[in-house]
Amino acid sequence: ARDYMNSQPFTVFVEGNIGSGKTTFLKHFASLDNVATLSEPVDRWRNVRGKNFLDLMYTDPSRWGITFQTYVQLTMLDLHTQVVDKTVKMMERSIHSARYCFVENLHQSGLMPEPDFIALDEWFNWIVKNHDVSGNLIIYLRTSPDVVHKRMLARARTEESCVPLEYLEKLHQLHEDWLFHRSSFSCPAPVLIIDANQDLNLMASEFSNCEAQIAEALSKLQKQ
Ligand SMILES: Cc1cc2cn([C@H]3C[C@H](O)[C@@H](CO)O3)c(=O)nc2[nH]1
């Protein structure tokens, strides 16, 4: 766990499948005055000096997967190292889910050439070793693939228009192995699991339950 006294804020990673309600979750916490929220920089990925890397990746993942995921890794590292003047720093996803869920999925499904995967993994291992990308708490918005597939299609992000259910099922399984079964990669922080299948307007009680758990974990750290 991170050394709290080096005046790093209490850092929370909000993790979950596409359409699991992360953005809505962050919006709720953005309204609290001691929390800084850092959203996933999707708009940066959609316009990298005029190129839409997200669209390239979905159109031809084996050709553009490394291009996209290398840039994701850079933008997430940028957010991990961003200094905030609040006691809680809440990030939408992390460099960890980039590697353990998304890159892993491209590699396992044979969409990413082995040398591309190796280069990305070497970068990831060096970054984790040489920079502080640690966190204090992971909030896992746990969903089922069919629920998030419906939400994703309803949200109708153009680049995701032909993302099939089995892609979400694979991403779901990778999130489950990492954050629920704890049977795959190392977890950078303790995990708080939220049932995010509920309709977003019923999530208010989950949000306040999370607030209480974050406040409790925060006060424990401050007493150390
Ligand atoms: C950290 C990380 C986030 C992330 C998102 N994505 C995709 C999933 C969604 O379609 C879109 C926004 O989350 O980007 C990805 O392919 N690889 C990623 N890695």
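Indexing begins at 1, ligand by ligand and atom by atom, following the structure's order.
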* Asked: Is the distance between the ring centroids of H172 and F180 under 6.0 Å?
  -> no
Starting from [atom], which protein heavy atom do you reach first, and at what distance in Å?
| atom | answer |
| --- | --- |
| atom 13 (O) of ligand 1 | E40 OE1, 2.7 Å |
| atom 16 (O) of ligand 1 | F68 CE2, 3.3 Å |
| atom 6 (N) of ligand 1 | F102 CE2, 3.8 Å |

* Asked: Between R155 and I18, what is the shortest heavy-atom contact and its length?
  ->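 Between these two residues, the closest heavy atoms are NH2-CG2, 3.3 Å.
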* Asked: If every non-hydrogen atom of T158 is compared with every non-hydrogen atom of R46, which pair is closest and at what distance?
  ->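 Closest pair (atom of T158, atom of R46, distance): OG1-NH2, 4.2 Å.
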Would you mind running through ligand 1 and noting each atom that sits below 4.0 Å from a heavy atom of [X]?
| X | result |
| --- | --- |
| Y58 | 7 (C), 8 (C), 9 (C), 10 (O) |
| E160 | 9 (C), 10 (O), 11 (C) |
| Q69 | 15 (C), 16 (O), 17 (N), 19 (N) |
| M57 | 16 (O) |
| R157 | 11 (C), 12 (C) |
| V72 | 1 (C), 2 (C), 19 (N) |
| A98 | 1 (C), 19 (N) |

For ligand 1 and [X], I'd like to know whether there is a polar contact (N/O to N/O, distance under 3.5 Å).
| X | answer |
| --- | --- |
| W45 | no |
| S94 | no |
| R93 | yes |
| S97 | no |

* Would T37 and V14 count as a side-chain contact (heavy atoms from CB on, under 4.5 Å) if you check the C-alpha gap in whole Å, the side-chain angles of each, and the deciding distance to 0.1 Å? -> CA-CA 10 Å; T37 57; V14 180; over 6 Å; no
Output yes when a side-chain donor or acceptor of [X] lies under 3.5 Å from a complementary backbone atom of [Y], and no otherwise.
| X | Y | value |
| --- | --- | --- |
| K86 | L32 | no |
| R142 | I193 | no |
| N17 | L168 | yes |

* Could you give the distance from OG1 (T143) to CD (Q198), rounded to the nearest 0.5 Å? -> 12.0 Å
* Asked: Roughly how far, to the nearest 0.5 Å, is the CG atom of L120 from the CD atom of E104?
  -> 11.5 Å
Once you restrict to heavy atoms under 4.0 Å, what part of [X] touches ligand 1? Side chain, backbone, both or neither.
| X | value |
| --- | --- |
| C101 | neither |
| E159 | neither |
| L54 | side chain |

* Asked: Aromatic rings F117 and H107: how do their planes relate, parallel, tilted or perpendicular, breaks at 30° and 60°?
  ->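 Ring orientation of F117 relative to H107: parallel.
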* Sole candidate of F124, W126, W123 that passes ring-ring contact (aromatic ring centres under 6.0 Å, His included) when paired with H131 ->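 The residue from F124, W126, W123 that satisfies ring-ring contact (aromatic ring centres under 6.0 Å, His included) with H131 turns out to be W126.
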